[in-house]
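Proteins get letters first, then strands, A, B, ... in listed order; numbering begins at 1 in each.
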Amino acid sequence: MFPFQTACHEFVMRTSQFLIATQKETPADAEIVSHQLMLRAGLIRKIAAGLYTWLPLGLRVLRKVETIVREEMDRSGAQEVSMPVMQPAELWEESGRWEQYGPELLRIRDRHERDFCLGPTHEEVITALVRDEIRSYKQLPLNLYQVQTKVRDEIRPRFGVMRSREFIMKDAYSFHVSQASLQETYEVMFDTYSRIFTRLGLEFRPVIADTGSIGGSASHEFHVLADSGEDAIAFSDASDYAANVEMAEALAPGETRAQPTAAMARADTPGVTTIDALAGFLSVESTTCLKTLVVKGDQDGALVALVLRGDHQLNTVKAAHLEGVASPLQMAAEDEVRAALGAGFGSLGPVGLDIPVYVDRAAAVLADFNCGANEDGVHFTGVNWERDCPLPQVADLREVVEGDPSPDGKGKLRIRRGIEVGHIFQLGDKYSAAMGARVLDETGKNVTMTMGCYGIGVTRIVAAAIEQNHDDSGIIWPHSMAPFQVAIVPLNMRKSEAVADAAETLYAQLRELGVEVLMDDRDERPGVKFADMELVGIPHRVVIGDRALAEGNLEYKGRRDADAQLVPQDKVIELLREKLG
RNA sequence: CGGGGCGUAGCGCAGUCUGGUAGCGCACCACACUGGGGGUGUGGUGGUCACAGGUUCAAAUCCUGUCGUCCCGACCA
């Protein structure tokens, strides 16, 4: 037996040997809390903008995430592969993305002047592989995945590992002869993702997502809920409906339009150009006012007016999907509007408009409303649809708000912010068709495979978990992600033999049981050790001090507990077993 | 790519306007004290003041250029 074998293992579980690179001060360039805490707790260090080294502690967390992802992917029937980070330009030319992708694709040239890129994703490589290897429908469906470093030359890397230039992603690609088979695998992946995020201990929502330009019939994003999230998501308080706010439908109001009671009148409103100002000027609620936005049409020089209730916001994704409206959405310039309609932004309204008009469902049921008169400094009051102006085509134009009825008819919508950590979608034949990935079907006919793809941002999960789980003292890891489960904190062990003995005994017992335990055997004062173990976020802490030990007790405290509890020395293992599940 | 901020020790910062010995706190090393919430004292280590050029007897400081980095926006999904 080689003595150093055990010695090496022994040492890494002790803070005196393990690299604990904590910092008291918050680095000035870290904006969000996860970035600050990852630096302060010594998980990562920046090497350049958007590029980070993972320190031992951080890497342990990253590996935890990867392990769970692998276990669940394997369990789903997917098979792991590993594809190169560096990829030949030819493949990207085949799919057409060498031209399409833009500067985010980091292109490099080798010594023979041949073009390559560092892969931001791997559709091309996997499709080429499957095209060459798979001949028959009998070999399908096939789902291949990898856990691999991706490179994206982000315009502006930010928020630490949340949006970095190099990151680890689990990406999977499935291949099918039929849409039905794709749908089946898609559902399996949906369930697998739900299992993964549940096991990781994160509060998440699968969210209906925009399929964007890629098309396809289904796409879901998985979001970790956190106030700092980049996306707004709407979900029902009474069902599992959840959608990106971009996609969430605002249902038509239940009530029908009331009969007119007021006569239309002209009001001089000098300098009133906002809904708030108008409501204030007329002493009415903003919900009785209409706002009229003008966007560019899909024909050159064409304009389209969009009418919303004063308190509502335009949803640009919905608007861009309207017939006759340019996609992506472009707001018209004010001088263009003035030339066409005779008034500037603050004085527009649906009365007498001779361009195409859409009205939002909520605005369409208003009666006796107030709106601009298409004349600067003038508004109308007491306006009614079909009496004073025609009712335009009604559409869902607005952004949903908290309290709206859920589109599935169950409950009300709540809105929270989310961090996108997973995305599954049905790709169809975009890549398989472009790259000629075909198989023979049961009738002997050549058919193009249909594909699904499924991504998880592994590095981003670490940051998202911290955004969701932290307090003033530092990180609070979910059990499944914690770098160590238990911290043993002996106080003054250099002087107290009893403390040292108790600590070493407990340490040995936990090691024997296979518990990931970190022994803080540094000759530091208690405050330093407590602060470090809390900052680093270890879920369970056992403090061993002379005081309690004299009574035969140790102290246990969970990371989220307010206070420690005394535990008889011989009951500690039992307690920890219970806590660790 | 547009706008703005910042580059001085590992981290946080002062010094720059008004040119004249490169500083403070934390961290780190040594010793002593202390020992239940980032402790105290004494003595230390560590800097090409982002880089290049210029002005000057003299540049962290003034001038010109370059680079890096952060924020906002646009872009991307």
Side-chain angles (χ1 to χ4, degrees), chain A residues 19-32 35-36 39-42 45-53 55 97 100-106 120-121 150 152-160 162-165 167 169 171 207 209-214 219-223 229-231 244 246-247 316-317 328-331 418-425 453 455 457 460 472-474 489-496 499-500 520 522-536 541-550 553-555 557 562-564 566:
Chain A
L19 180 55
I20 299 287
T22 55
Q23 292 177 180
K24 232 186 279 189
E25 309 235 27
T26 302
D29 56 6
E31 184 77 356
I32 60 172
H35 189 198
Q36 294 171 354
L39 290 166
R40 286 227 291 135
R45 285 290 182 263
K46 186 173 76 168
I47 194 71
L51 300 173
Y52 293 86
T53 293
L55 303 184
R97 290 209 288 186
Q100 281 168 24
Y101 216 96
E104 218 186 350
L105 182 65
L106 186 61
T121 175
K150 308 286 186 190
R152 289 187 191 170
D153 196 358
E154 288 279 349
I155 298 177
R156 182 145 88 85
R158 60 186 125 173
F159 303 147
M162 198 74 90
R163 186 172 288 268
S164 53
R165 290 198 285 186
F167 54 95
M169 191 163 153
D171 49 323
V207 161
D210 189 2
T211 46
S213 51
I214 296 164
S219 173
H220 285 86
E221 292 169 354
F222 286 75
H223 283 258
E230 288 187 285
D231 297 290
N244 200 307
E246 290 176 347
M247 295 290 292
T316 58
V317 172
L329 194 72
Q330 279 182 283
M331 301 305 290
I419 299 166
E420 183 186 344
V421 290
H423 196 167
I424 59 176
F425 62 100
C453 83
R460 182 180 271 195
D472 290 346
S473 302
V489 182
L491 304 182
N492 207 11
M493 77 187 285
R494 300 289 153 94
K495 294 226 176 115
S496 166
V499 167
D520 197 349
R522 296 174 297 175
D523 188 16
E524 289 286 356
R525 296 174 63 87
V528 173
K529 296 187 180 191
F530 294 155
D532 272 352
M533 292 303 108
E534 279 161 11
L535 174 60
V536 159
R541 185 184 82 185
V542 177
V543 172
I544 302 175
D546 266 324
R547 239 189 247 167
L549 200 57
N553 290 324
L554 308 183
E555 290 163 54
K557 181 174 176 297
D563 298 296
L566 286 176

Residue mapping more 5' on RNA chain B - nearest nucleotide basis, A:Pro157 or A:Pro526: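 On the 5' side of the pair lies A:Pro526.
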
Nearest heavy atom decides the nucleotide; on that basis, is A:Thr22 or A:Asp523 closer to the 5' end of RNA chain B?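 The residue closer to the strand's 5' end, by nearest nucleotide, is A:Asp523.
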
[X] has a side chain; which of [options] sits nearest to it?
X: A:Lys495; options: B:G38, B:U34, B:G37; value: B:U34
X: A:Ala48; options: B:A77, B:U69, B:C11; value: B:U69
X: A:Ala531; options: B:C71, B:G38, B:G35; value: B:G38
X: A:Glu25; options: B:C70, B:G35, B:G12; value: B:G12
X: A:Leu491; options: B:G37, B:G12, B:G36; value: B:G36
X: A:Glu534; options: B:G37, B:G36, B:U69; value: B:G37
X: A:Glu555; options: B:G36, B:G12, B:C70; value: B:G36
X: A:Ile155; options: B:C1, B:C72, B:G35; value: B:C1
X: A:Arg158; options: B:A74, B:G37, B:C70; value: B:A74
X: A:Asp532; options: B:C11, B:C71, B:G38; value: B:G38

Calculate the interatomic distance between [X] atom [atom1] and [N] atom [atom2]; express it in whole Å.
X: A:Gln23; N: B:G38; atom1: CD; atom2: P; result: 19 Å
X: A:Arg163; N: B:C75; atom1: CZ; atom2: P; result: 13 Å
X: A:Gln36; N: B:G12; atom1: CD; atom2: P; result: 11 Å
X: A:Lys557; N: B:G37; atom1: NZ; atom2: C1'; result: 11 Å
X: A:Leu51; N: B:U69; atom1: CG; atom2: C1'; result: 13 Å
X: A:Glu31; N: B:C6; atom1: CD; atom2: P; result: 16 Å
X: A:Leu39; N: B:G12; atom1: CG; atom2: P; result: 9 Å
X: A:Glu524; N: B:A27; atom1: CD; atom2: C1'; result: 11 Å

Span that lies between the [atom1] atom of [M] and that of [N], in whole angstrom:
N: B:C17; M: B:C62; atom1: C1'; answer: 11 Å
N: B:U8; M: B:C70; atom1: P; answer: 14 Å
N: B:A27; M: B:C63; atom1: P; answer: 38 Å
N: B:A9; M: B:G25; atom1: P; answer: 15 Å
N: B:U16; M: B:C11; atom1: C1'; answer: 22 Å
N: B:A74; M: B:U18; atom1: P; answer: 39 Å
N: B:G47; M: B:C6; atom1: P; answer: 27 Å
N: B:G20; M: B:U56; atom1: C1'; answer: 12 Å

With a 4.0 Å cut-off on heavy atoms, is [X] in touch with a base, just the backbone sugar-phosphate, or nothing at all?
X: A:Ala28; result: sugar-phosphate
X: A:Asn492; result: base
X: A:Glu420; result: nothing
X: A:Arg541; result: base
X: A:Asp153; result: nothing
X: A:Glu154; result: nothing
X: A:Arg156; result: base
X: A:Arg45; result: nothing

Would you check if A:Tyr101 and A:Thr121 make a side-chain contact, meaning some heavy-atom pair closer than 4.5 Å?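 Side-chain contact under 4.5 Å: yes.
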
Let's test this: given Watson-Crick or G-U wobble pairing with both distances under 3.5 Å, identify the partner of [N].
N: B:C51; value: B:G65
N: B:C13; value: B:G23
N: B:U42; value: B:A30
N: B:U56; value: none

CA sep, side-chain torsions, deciding dist, call: A:Asp546, A:Leu491, side chain to side chain contact (heavy atoms under 4.5 Å, CB included): CA-CA 8 Å; A:Asp546 266 324; A:Leu491 304 182; over 6 Å; no

Whether [X] side chain and [Y] backbone form a donor-acceptor pair below 3.5 Å:
X: A:Lys529; Y: A:Arg522; answer: yes
X: A:Arg541; Y: A:Val489; answer: no
X: A:Ser496; Y: A:Val499; answer: yes

Interatomic distance, A:Asn492 atom CG to A:Glu524 atom CD [nearest 0.5 angstrom]: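 Going from the CG atom of A:Asn492 to the CD atom of A:Glu524 covers 12.5 Å.
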
Which atom of A:Leu105 lies closest to which atom of A:Arg97, heavy atoms considered: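 Answer, listing the atom of A:Leu105 first, then A:Arg97: CD2-O, 4.5 Å.
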
Electrostatic pair A:Asp171-A:Lys150, nearest N-O below 4.0 angstrom: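 Here A:Asp171 pairs with A:Lys150 in a salt bridge, since their nearest N and O are under 4.0 Å apart.
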
Determine whether more than 12 heavy atoms belonging to other residues, nucleotides or ligands lie under 6.0 Å from atom CG of A:Leu19.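 It does: A:Leu19 CG has more than 12 such atoms within range.
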
Test salt bridge (charged side-chain N to carboxylate O under 4.0 Å, His left out) applied to A:Arg163 and A:Glu420, A:Glu230, A:Glu31, the passing residue: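 Testing each of A:Glu420, A:Glu230, A:Glu31 against A:Arg163, the sole residue satisfying salt bridge (charged side-chain N to carboxylate O under 4.0 Å, His left out) is A:Glu230.
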
Does the side chain of A:Lys24 get closer than 4.0 angstrom to OP1 or OP2 of B:G25 through an N or O atom?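 For B:G25, OP1/OP2 do not have a side-chain N/O of A:Lys24 under 4.0 Å.
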
Check step by step if ring-ring contact (aromatic ring centres under 6.0 Å, His included) holds for A:Phe222 and A:His220. CA-CA 7 Å; A:Phe222 286 75; A:His220 285 86; 7.2 Å; no

Quick one: which protein N/O atoms are closer than 3.5 Å to N/O atoms of nucleotides 14-16 of chain B? Pair and distance per line, please.
none

